[in-house]
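First the structure, in the form of structure tokens, and then the observations on it.
In this chain, numbering begins with 1 at the start of the sequence shown.
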Amino acid sequence: MKRARAVELVEGMLHRLDDDHEWPLHLVRQVWLFGSFARGATEPHDVDVAVQFERDERMREVVIQSLFNGSNPYAPIRRALAGPSRGLQFQFEDSTRQQLEAEGTVMLPLWQRDDTLAQALAKLHAIAVDPDAGRAERHDMIDAFDGLDRYIPRPVRAELIGWQQQGHITISRVTLPDAPDNTDLLTTPERAGFWHGIEQSAKVLPPPPP
């Protein structure tokens, strides 16, 4: 995306942090920028944002529920920060942020609780544009992970690659076909016949014992 658009996305996030102190935004304590946008790239792929926030009882309940239904526990706070816009990529785990810093990733402090909107915007607009700033080198990568690396933590990638190198597993990428426009199971004669057969079988079942 163009840098001007990326700046607009970050400005929108800062305005939300400044305007709304309800759950879950009131849990946010600090925000950093990193990646190509923070280094001044003119056309960053996206904007990498690290967020530190408190875990209150309601957030802990969301995390527990996500373990059962497979949802993203960070979805509520992500929606609150980004709104309907795409282009902001969030890192919510303190341990992952610290690991990135240990590997040399520079975290640019952008906002912390009690900062004014003017202070945060000044930090954002003070980032110097660097036409030579490109995407950072990605470690522990293979072709199968291309485009998916942000969803697979680096320690997991490293371990999987190690297992593949030792011959324990094989990692390959499978491209699934798009779902058909009409997904009604009863639209094809084969599907309709299948469900009709189940219905007829149910009719001949003996009644349950009294």
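Interatomic distance, Ile142 CD1 to Ser172 OG, rounded to the nearest 0.5 Å: 9.0 Å. Once rounded to the nearest 0.5 Å, the distance linking CG of Leu100 with CZ of Phe34 reads 5.5 Å. For the atom pair CG (Leu14) and CG (Asp19), the distance works out to 10.5 Å, reported to the nearest 0.5 Å. The structure places CD of Gln119 at 10.5 Å from CG of Asp18, a figure rounded to the nearest 0.5 Å. Interatomic distance, CZ of Arg86 versus CG of Asp46, reported as 13.0 Å (0.5 Å rounding). Distance check: Leu160 CG to Ile169 CD1 gives 5.0 Å after rounding to the nearest 0.5 Å.
In summary, Arg3 and Glu43 do not engage in a salt bridge, as defined by a charged side-chain N under 4.0 Å from a carboxylate O.
When all heavy atoms are compared, the tightest approach of Arg29 to His26 is NH1-O, 3.0 Å. Heavy atoms only, all atoms of each residue included: Ile171 and Ala144 are closest at CG2-CB, 3.8 Å. Across every non-hydrogen atom of Val47 and Ala6, the tightest pair is CG2-CB, 3.6 Å. Considering all non-hydrogen atoms of both residues, Gly35 and Asp48 come closest at CA-OD2, 3.8 Å. Here the closest heavy-atom approach between residue Met59 and residue Pro73 is recorded as SD-O, 4.0 Å. The two residues Arg39 and Asp130 come nearest to each other via the heavy atoms O-CB, 3.6 Å.
By the rule that hydrophobic residues join a cluster once side-chain heavy atoms approach within less than 4.5 Å of another member, Met13 and Leu121 end up as members of one cluster. Val10 and Val106 fall into different hydrophobic clusters, where Ile, Leu, Val, Met, Phe, Trp and Tyr side chains are chained together by heavy-atom contacts under 4.5 Å. Residue Met107 is not grouped with residue Ile127 when hydrophobic side chains (ILVMFWY) are merged at heavy-atom distances under 4.5 angstrom, including chains of intermediate members. Residues Trp32 and Leu117 are members of separate hydrophobic clusters, defined by side-chain heavy-atom contacts under 4.5 angstrom among Ile, Leu, Val, Met, Phe, Trp and Tyr. Leu9 is connected to Phe37 through a chain of hydrophobic side-chain contacts under 4.5 Å among Ile, Leu, Val, Met, Phe, Trp and Tyr, so both are in one cluster.
Between the side chains of Gln99 and Glu103, at least one donor N or O lies within less than 3.5 Å of an accepting N or O.
Between the Arg97 side chain and the Gln91 main chain, no donor and acceptor come within less than 3.5 Å of each other.
Using a 4.5 Å heavy-atom threshold, the side chains of Phe90 and Ile77 count as separate. No side-chain heavy atom of Asn72 sits less than 4.5 Å from a side-chain heavy atom of Arg78. You'll find the side chain of Phe92 reaches within 4.5 Å of the side chain of Leu81, heavy atoms only. Counting only heavy atoms from C-beta outward, the side chains of Val51 and Tyr74 never approach each other to under 4.5 Å. With a 4.5 Å cut-off on side-chain heavy atoms, Gln165 and Ile161 count as touching. Between Trp111 and Leu124 there is no side-chain heavy-atom pair separated by less than 4.5 Å. Within the 4.5 Å cutoff, no side-chain heavy atoms of Arg55 are placed close to those of Val63. Residues Glu11 and His125 form a side-chain contact, since some pair of their non-hydrogen atoms from C-beta on lies under 4.5 Å apart.
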Determine, stepwise, if the pair Leu110 / Asp115 fulfils side chain to side chain contact (heavy atoms under 4.5 Å, CB included).
-> CA-CA 9 Å; Leu110 176 67; Asp115 276 358; over 6 Å; no
Should Arg58 and Glu61 be marked as a salt bridge (Lys or Arg N to Asp or Glu O under 4.0 Å) after you check the CA-CA gap, both sets of side-chain angles, and the distance that decides it?
-> CA-CA 5 Å; Arg58 183 174 175 183; Glu61 290 176 357; over 6 Å; no
Verify side chain to side chain contact (heavy atoms under 4.5 Å, CB included) between Arg16 and Leu25, making sure each step is shown before the conclusion.
-> CA-CA 8 Å; Arg16 295 183 190 95; Leu25 286 181; 4.3 Å; yes
